[in-house]
Amino acid sequence: MTAPRNAPPPYRGGCLCGAVRYEASAPTVGARICHCDACRLAMASPFLAQAQFQRRALTWQGTTARWRSSERLLRHFCPRCGTRLFLEPRDAPRIGIPLATLDDPGAILPEMHVWTSEAIPWALPEDGLPRHAHGSPLPYRLLAGG
Ligand SMILES: [Zn+2]
Ligand SMILES: [Zn+2]
């Protein structure tokens, strides 16, 4: 199932300086707002709103730097301007894009809040979205065509 309120793909975006540009050619498999300590610090932002895609749906131009923030996650960023970009799990064929880096940052709507147990109280909006104290019990949507 795809999220019907989202604008249709492709989704384009990039970093502040323009050295890295990306395009996602397929619908997202899930968009979430994460309030965990790691995302807050990594993004230097109250939370991270991100959409995940099939890894093969994302292409980019320019070179990212990346670092491993946990056993299973690589975080990419632009080495020139520092904009945080892709979130690449090492244990699934997916990759995440911060919604804030989309050319149209309203094109994809978040579907839930996760890790609200670590949220800054003033950064948890009353938006009616489902909230999960830790990770979501729901997997990302099945990847069409494997
Ligand atoms: Zn940049
Ligand atoms: Zn997180």
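Keep in mind that the numbers below use all heavy atoms, side chains included, and drop hydrogens, waters and symmetry copies. Numbering starts at 1 and runs along the sequence shown. Atoms within each ligand, like the ligands themselves, are counted from 1 in listed order.
Counting only protein N, O or S atoms, 4 lie closer than 2.8 Å to the Zn ion (ligand 1). Around the Zn ion (ligand 2), protein atoms of type N, O or S found under 2.8 Å number 3.
The backbone N or O of Asp91 lies less than 3.5 Å from no partner atom in the side chain of Arg72, so there is not a single donor-acceptor pair. A donor-acceptor distance shorter than 3.5 angstrom exists from the side chain of Tyr22 to the backbone of Thr101, with no hydrogens or angles considered. Remark: the backbone N or O of Tyr11 is not paired with any side-chain donor or acceptor of Asp103 at under 3.5 angstrom. When atom types are taken as modelled, the side chain of Ser25 and the backbone of Ala57 share a donor-acceptor pair closer than 3.5 angstrom.
Taking CG of Leu48 as the reference point, atom NE2 of His35 lies at 9.5 Å (rounded to 0.5 Å).
Remark: Glu118 does not engage Arg40 in a salt bridge, criterion side-chain N to carboxylate O under 4.0 Å.
Looking only at side-chain heavy atoms (C-beta outward), Leu124 and Arg131 come within less than 4.5 Å of each other.
Geometrically, Arg32 engages Tyr140 in a cation-pi contact, judged by NZ or CZ lying under 6.0 Å from the ring centre and within 45° of the ring axis.
For His132 and Trp115, the gap between ring centers reaches or exceeds 6.0 Å.
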